[in-house]
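Note sheet for the following structure.
In what follows, chains are A, B, ... by sequence order, proteins preceding strands, each numbered from 1. In what follows, every heavy atom counts, from backbone to side chain, and hydrogens, waters and symmetry copies are set aside.
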Amino acid sequence: MRSLRIIWRILKETYQSIKFSGMSNFMVISILTVTLALFGGVLQFNSSIKQIYQNLDNQLEFSVYLLDGAETKSLANKISQIEEVKKVDIIPKSVAWKNFRAKFGFSNEAGNPLPDTLHVNVRKAQDLKPVVEKIKNYSGIEQISYAPELFQGLKRVRSILFSFGLFITLILAISTITIISNTIQLIIKSRSLEIKILRLVGVDDWFIRGPFITHGIFYGVVSAFIAIIPLLIFQKFIWNSFQSSFKTIMPLTFNFDSSNELGLIFFIMLLTGVTVCSASSYMVTSRYIKI
Amino acid sequence: MIKFKNVSKFYGPIKALDNISFDVEAGEMVFVVGPSGAGKSTLMKLLYREEKNTHGQISINNIDVSSLSSDKIPYLRRRMGIIFQDFKLLPNKTIFDNIAYGLRGLGVSEFEIQKRVGGALNLVALLDRANAYPDELSGGEQQRIGIARAIVQGPPLVIADEPTGNLDPKTSIEIFNLLKSISLRGTTVLVSTHNHKIVKEFRERVLVLEGGKLVNDTILNPSPYA
């Protein structure tokens, strides 16, 4: 019962401390939210790219772009004769251009730059590369677009963006720790008389430090909940739209839903926010509150 | 109750207390007098472990204060009440909440707090000012609140560090009388003051400090009825 009363009073003291901090709360939560959103964004980006890898690795389709004047039908027949090929679809340039314009809103003034395209399906994922190797020397073929080729490009982009994102997150995290430490330090200084009275009547150390640490935890929790909003928006609108746009360019069958991943990312953001903030508060109280 | 054995305290090269030894019995009222810088406040701070002695041994109720680990200090302080020259009242809290503040931190129930704070306010004759704020009270009344806060836990020892330093002589005598009445209830009271004149009016034991040394330990004007 006594412990429950003390916990309740720590929460009340935390409320007082938050109320006292005023605009400082806004500042800390803003910068922490940006930091966590960026951190979560890096994790989300990494997770999405990872899923794309897995999907690309399992692709059974590739596109063959033909030169102008190539014998589309005879080439399609020739490819479909290959044992590992399951099916060949012909996408005439007029159809491809129509779909492309519908998706990206291009005008028709410049004329149709797209070639006739063949969408080739193989029976097994491991057949894809040998089939591509076999047909790339056929005459009338301009270019072959297939997953492993894209894979290499994505790998480079991922590596650069991931490192950059983590670097910016680290800088923001250091700023956040500094701001939290200064805020808590100011509160400790302004409440020094209360702290002194509590110390001298023999109140336990953790009751004195507790409200400052829970104040830090409050920052971490609130910021994590706000920071997940832009990631949810990105997930729901931008990422889904990107997937459907991608399908227009390449005959890939994406089949992933990263909502579970987002749950995990939120948990990591929450844990990181709470850990960083409570640890900063603890360090400040250890330094400035003498028992 | 209190034992000081060859206690010294240094602040760097400065010797604040020099080889002090004395005992205080339970229920005794003792004045610690001396000019500014004599070491009175240092002696008080050593008792509640705000400072740690450099040499010697201090014990309270057979607890070795000198070697107490920091996690045990709160337990030591719960067994004593401390009164300050500047009252140390929280200006944004009512008198009641000022006295209750520490008790709440100790997890005492609200029912018990009502009972104890009421009792302490009654003892200092300020029960009717429970809902006032410190700045609505006179200096003497504020110090009585400081005393109420010190005794609200019913400690066996009260330490008052220059409790009348900011008060006029008439109010100072009232405060000393109040501390005397607390002592008569069985509480050991240790009071530091630089006011020799007022101390002489009380027939109590006086420790005289000068330059960090204990130069006299005597009972002034013993009462013929004692």
Side-chain angles (χ1 to χ4, degrees), chain A residues 1-25 184 186-218 281-291, chain B residues 44-45 47-52 60 68-84 86-93 97-113 116-117 120 134 145-146 148-155 157-161:
Chain A
M1 200 60 191
R2 179 179 171 265
S3 300
L4 281 177
R5 270 198 299 268
I6 290 181
I7 290 168
W8 171 242
R9 283 166 188 164
I10 284 179
L11 292 176
K12 277 172 85 172
E13 288 291 317
T14 307
Y15 170 72
Q16 290 297 326
S17 174
I18 292 167
K19 215 168 92 175
F20 177 84
S21 310
M23 284 304 284
S24 305
N25 291 322
I184 300 290
L186 279 175
I187 302 168
I188 289 173
K189 281 193 176 158
S190 64
R191 298 187 72 184
S192 59
L193 181 57
E194 290 168 53
I195 292 168
K196 182 156 193 176
I197 291 166
L198 290 174
R199 282 175 49 225
L200 295 179
V201 297
V203 168
D204 283 315
D205 185 23
W206 58 272
F207 181 86
I208 301 172
R209 292 186 207 280
F212 299 106
I213 294 164
T214 45
H215 191 158
I217 291 172
F218 164 80
S281 305
Y282 180 77
M283 283 190 289
V284 175
T285 58
S286 303
R287 191 166 170 197
Y288 294 99
I289 300 178
K290 194 187 119 199
I291 299 301
Chain B
M44 297 294 183
K45 284 177 182 171
L47 281 170
Y48 56 86
R49 260 299 291 275
E50 181 77 348
E51 299 286 351
K52 201 173 174 182
I60 300 174
L68 211 58
S69 60
S70 53
D71 60 317
K72 297 280 187 302
I73 293 172
Y75 297 99
L76 169 81
R77 289 175 181 165
R78 280 176 215 173
R79 305 280 296 153
M80 57 176 68
I82 306 163
I83 301 159
F84 304 94
D86 58 356
F87 323 133
K88 296 206 187 306
L89 299 178
L90 300 167
N92 56 344
K93 289 192 190 292
D97 286 335
N98 260 285
I99 301 170
Y101 191 58
L103 294 177
R104 291 194 171 117
L106 291 165
V108 177
S109 71
E110 283 301 320
F111 175 75
E112 189 64 25
I113 288 174
R116 288 201 208 172
V117 174
I145 298 304
R149 185 180 57 198
I151 59 165
V152 73
Q153 290 192 70
L157 171 66
V158 167
I159 297 166
D161 190 4

Given A/R191 and A/E13, is the salt bridge (charged side-chain N to carboxylate O under 4.0 Å, His left out) satisfied, shown in steps? CA-CA 11 Å; A/R191 298 187 72 184; A/E13 288 291 317; 2.7 Å; yes
Is chain B contacted by the side chain of A/I197, its backbone, both, or neither, given a heavy-atom distance below 4.5 Å? side chain
Part of A/K196 within contact of chain B (heavy atom distance under 4.5 Å): side chain
Leading residue by heavy atom contact count with chain B [cutoff under 4.5 Å; candidates A/L4, A/V201, A/I10, A/L198]: A/V201
Is there a donor-acceptor pair closer than 3.5 Å between any side-chain N or O of [X] and the backbone N or O of [Y]?
X      : Y      : answer
B/R77  : A/L200 : no
B/S109 : B/E112 : yes
B/R49  : B/L68  : yes
B/R149 : B/K88  : yes

Side chain from CB out, backbone as N, CA, C, O: work out which of these in [X] comes under 4.5 Å of a heavy atom of chain A, or both, or neither.
X      : result
B/I82  : side chain
B/V152 : neither
B/E110 : both
B/R79  : neither
B/Y101 : both
B/L103 : backbone

Given salt bridge (charged side-chain N to carboxylate O under 4.0 Å, His left out), test B/K45 with B/D161 step by step and report yes or no. CA-CA 9 Å; B/K45 284 177 182 171; B/D161 190 4; 6.0 Å; no
Where is the tightest heavy-atom contact between A/T14 and A/P211, given as atom of each residue plus distance? OG1-CA, 3.5 Å
